[in-house]
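Here's the structure, in structure tokens; my notes come after.
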2 protein chains.
Amino acid sequence: MISMKELAQHCGVSVATVSKALNDQSDIGESTKIRVKQAAETLGYFPNAAARSLKTNRSYNIGVLFVDEANSGLTHEYFAAVLEGFKVEAEKQGYDITFINGQIGKKKVSYYEHCKYRNVDGVVIACVKFDNPEVVELLNGDIPVVTIDHINENCSSVLSDNVKGIQSLMDYVYEKGHRKIAYIHGQASTTVTKARLTSFYRFLESRELSVPDDYVLEADYLDVSQAMACTSELLDRKDPPTCILYPDDTALIGGLNEIRKRNLRVPDDISIAGYDGSRLSLILNPRLTTIRQDTSAIGMQAAKKLISTIDKPKTTFTEQIIVEGELITGESVGNANIS
Amino acid sequence: MISMKELAQHCGVSVATVSKALNDQSDIGESTKIRVKQAAETLGYFPNAAARSLKTNRSYNIGVLFVDEANSGLTHEYFAAVLEGFKVEAEKQGYDITFINGQIGKKKVSYYEHCKYRNVDGVVIACVKFDNPEVVELLNGDIPVVTIDHINENCSSVLSDNVKGIQSLMDYVYEKGHRKIAYIHGQASTTVTKARLTSFYRFLESRELSVPDDYVLEADYLDVSQAMACTSELLDRKDPPTCILYPDDTALIGGLNEIRKRNLRVPDDISIAGYDGSRLSLILNPRLTTIRQDTSAIGMQAAKKLISTIDKPKTTFTEQIIVEGELITGESVGNANIS
DNA sequence: TTATCTTTCTTAATCGTTTTCGAAAAATGT
DNA sequence: ACATTTTTCGAAAACGATTAAGAAAGATAA
């Protein structure tokens, strides 16, 4: 509420002196420094973000962009968890977080323009359709960017280790004796799905295993009914799989429902595994076999990387940071019957 | 990127004229107005939020404060959903959203100070411990505030209709023949719990029903293991209830697990109902009986109210806006056996 | 003593807007 | 033709900070 001017008057010095004293510049005497600082403390002075941002072109504000096809926004459990991790770390380092959108007032603008308008120091982009031209504009712009779960040449990214995730899941399932493993995967266009599929096939190859082509199906992430349909399709085969992997824990529920509808038991009659390690998977009984993605670490790493490229854009190099997940063995994958 | 100055030069008018033209002030000729506006369009001009905020004390930025005891933040499904609704409406009206926290740079400040620092036009407060002195400071400050699920004298609030929610749930359960109804409720200190408990007892009274004191237990919201323990306690009674109400859908899962551990079936042997209408409740089989809280409407109403008190603080009166939920009948409540 | 260097502080410009007030030009009235 | 009103625009101050450049005072060196 009190400005530098008033603070300066109170201390009997100029505004410039106050500014420099508070910012610990070298050309201010030690005694006046503490005098000013104490006065600031007692008078409850704190700076005005707008004025500071205007003058310095630094807002200590980070933009968050999230646009998925389903427009789920913050109700997207994975994204919300990553964002929470991001938020915690960013705030610890003195940055605030603002959502980026496509408007200034009532006027439609691009994401990039919105960022410029708010003068954010950097942007974290997650889960969007990365081929969106507005997102591309932002990626190629002059604002520091970190992407999540998507690789881009011009900026750093933080990726959940989907390769290792699928691998350890397959390892586990294989160890349990399963050979007829079906994989219902999410949208093939995403970086995430590509990594998982590659890992899936690589594993099969390494064990000199092969599954019928029609064991690999596509169902949108988080879509219960599609997962249900795919499951139905798989169970109707002459030679059904003994284990089904799902795009995520939510989709798995769709499968589970279809399985129960047929009076089959999990894991006795068929084994299933999810992905994400969502809250759901942790509380349900039987515990789901899944890969817990370390969302808070992903968010934290993204914040650290973004802030370091903001702070020292020269010395910070772009890189891909891989964050490992963790196999939750659960109880939804049983021993395969030798059939 | 291009400033008003450059735009002014390009149009051959003064900066003042440009500003007034873009803001549609009355003392600018119609012809120059369109000339300026067109130039702004073609040159890709857009304003600088910091400068505008500095000059006008209006940031078109709204602060969001959320602090719960568990520090769940955005991973709190209910809050995240409400916030999403809030965000959508606020952005539609040209406002951006920034999270409020307790720091400016590396220095600890109060929430109120942080709001002043960022010059937010208003704040929405949700799910926090409202007796927190810093929250009280914010509530009593000069910044427009809307609270969610908590009544405060000085500001408007948006409340999920917990009274009607419990009532329709009880109605339904009662209709199904249940008389021995236990209620595991959340923290008794919260506005939400108080409303629900009141409604619960009022219902019993209206039907001249009474339940043993020990049918009413407390377990923290979202806490699976506490719910499990309470359920166990209830089932161990000589005269166990035929139906148990839980604080929320997640807690219900705890109960469900305990029930299944005892080889009891839902709803044949015992009926259960949750609260929230979380995603979980919608996809699980059997479908949970629950009250779906209209999170997006709650968020939307909060945004509308907050923005209208920002826009016209004089004419807008403080009020409590009640948002009704919806009974999801599901399949987890069955007909009570006449015993 | 005088010149030079340090230390410490101030003056003033600046960031990009908005807004008050005054001035010029155009329109109107007589 | 002159006075008056209306319309349209510009000059300049202001918002609250940062920072380059310069000035004053004290310290150091010759």
Side-chain angles (χ1 to χ4, degrees), chain A residues 1-37 39-40 43-61 94 104-105 107 113-121, chain B residues 1-37 39-40 43-61 104-105 107 113 115-121:
Chain A
M1 294 297 288
I2 171 182
S3 74
M4 265 198 175
K5 201 154 112 188
E6 305 170 75
L7 185 53
Q9 285 171 346
H10 195 269
C11 292
V13 296
S14 76
V15 182
T17 304
V18 170
S19 171
K20 289 192 277 194
L22 293 178
N23 291 329
D24 259 327
Q25 304 234 234
S26 60
D27 65 341
I28 298 294
E30 203 54 44
S31 63
T32 51
K33 261 190 195 171
I34 46 180
R35 191 157 47 90
V36 169
K37 284 181 184 173
L43 297 184
Y45 168 83
F46 49 89
N48 179 304
R52 181 177 271 178
S53 164
L54 179 60
K55 184 61 191 166
T56 63
N57 274 322
R58 283 277 263 131
S59 60
Y60 288 91
N61 207 358
I104 295 178
K107 192 159 152 291
E113 288 171 326
H114 190 269
C115 289
K116 284 295 185 182
Y117 161 66
R118 283 290 176 196
N119 196 26
V120 294
D121 295 333
Chain B
M1 293 294 289
I2 171 184
S3 74
M4 265 196 176
K5 202 156 113 189
E6 304 170 76
L7 185 54
Q9 285 172 347
H10 195 269
C11 294
V13 296
S14 77
V15 181
T17 304
V18 170
S19 171
K20 289 191 277 194
L22 293 179
N23 291 329
D24 259 326
Q25 303 234 235
S26 60
D27 65 341
I28 298 294
E30 202 56 42
S31 63
T32 51
K33 262 190 195 173
I34 46 179
R35 190 155 48 92
V36 169
K37 283 181 184 174
L43 297 184
Y45 168 83
F46 49 88
N48 179 305
R52 182 177 272 180
S53 163
L54 178 60
K55 186 62 191 167
T56 63
N57 274 323
R58 284 276 264 132
S59 60
Y60 288 91
N61 207 357
I104 295 179
K107 192 160 151 291
E113 288 171 327
C115 289
K116 284 293 186 182
Y117 162 65
R118 283 292 176 196
N119 196 26
V120 294
D121 295 332

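Predicted model only: the values in this text are computed from it and were never measured. Each chain gets a letter, A, B and so on, in the order the sequences are listed, and its residues count up from 1.
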Atom-to-atom span, [atom1] of [X] to [atom2] of [N] - whole angstrom:
| X | N | atom1 | atom2 | answer |
| --- | --- | --- | --- | --- |
| B:Y117 | D:dG16 | OH | C1' | 13 Å |
| A:L54 | D:dG16 | CG | P | 12 Å |
| A:K5 | D:dA17 | NZ | P | 11 Å |
| A:L7 | D:dT18 | CG | P | 12 Å |
| A:I28 | D:dA20 | CD1 | C1' | 14 Å |

Tell me the closest heavy-atom pair linking [X] and [Y], and the distance in Å.
| X | Y | answer |
| --- | --- | --- |
| A:R118 | B:A49 | NH1-CB, 3.8 Å |
| B:A39 | B:H10 | CB-ND1, 4.5 Å |
| A:I28 | A:K20 | CG1-CB, 3.7 Å |

Candidate pair B:N119 and A:N48, rule side-chain contact (heavy atoms from CB on, under 4.5 Å), full reasoning: CA-CA 8 Å; B:N119 196 26; A:N48 179 304; 5.6 Å; no
D:dT18 OP1/OP2 closer than 4.0 Å to side-chain N/O of A:R52: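 True: A:R52 side-chain N/O within range (under 4.0 Å) of D:dT18 OP1/OP2.
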Any B:N57 side-chain N or O less than 4.0 Å from OP1/OP2 of D:dC15: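 Result: no.
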Looking for any heavy atom pair under 4.0 Å, which part of the strands does [X] touch: base, sugar-phosphate only, or nothing?
| X | value |
| --- | --- |
| A:S53 | nothing |
| A:D27 | base |
| A:S3 | sugar-phosphate |

All ring pair (Phe, Tyr, Trp, His ring centres under 6.0 Å) counterparts of A:F46, not counting sequence neighbours: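 If we apply the ring pair (Phe, Tyr, Trp, His ring centres under 6.0 Å) test to A:F46, skipping adjacent residues, there are no hits.
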Under the ring pair (Phe, Tyr, Trp, His ring centres under 6.0 Å) test, residues paired with A:Y117 that sit two or more places apart: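 A:Y117 satisfies ring pair (Phe, Tyr, Trp, His ring centres under 6.0 Å) with A:H114 only.
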Candidate nucleotides D:dG16, D:dA12, D:dT18, ranked by approach to the side chain of A:T56 - the nearest: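 Out of D:dG16, D:dA12, D:dT18, the nucleotide with an atom closest to A:T56's side chain is D:dT18.
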Residue mapping more 5' on DNA chain D - nearest nucleotide basis, B:K55 or B:G29: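 Of the two residues, B:G29 wins.
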Candidate pair B:Y45 and B:V18, rule side-chain contact (heavy atoms from CB on, under 4.5 Å), full reasoning: CA-CA 11 Å; B:Y45 168 83; B:V18 170; 5.9 Å; no
Net bend of the helix from C:dT1-D:dA30 to C:dT30-D:dA1, end axes of five pairs each, nearest 10 degrees: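 It comes to 50° between the two terminal axes.
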First and last nucleotide of DNA chain C, 5' to 3', lying under 4.0 Å from heavy atoms of chain A: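 Under 4.0 Å from chain A, the extent on DNA chain C is C:dT8 to C:dG16.
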Residue whose nearest DNA chain C nucleotide is more 5′ - A:V18 or B:Q25: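 Between the two, 5'-proximity favours A:V18.
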Would you tabulate the side-chain donor-acceptor contacts of residues 2-9 of chain A under 3.5 Å, counting partners in other chains and residues two or more places apart, or write 'none'?
residue	atom	partner	partner atom	Å
A:S3	OG	A:K5	N	3.3
A:S3	OG	A:E6	OE2	3.4
A:E6	OE2	A:S3	N	3.0

Under the side chain to side chain donor-acceptor pair (under 3.5 Å) test, residues paired with A:S14 that sit two or more places apart: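 Testing A:S14 for side chain to side chain donor-acceptor pair (under 3.5 Å), a comparison that skips the adjacent residues, returns A:T17.
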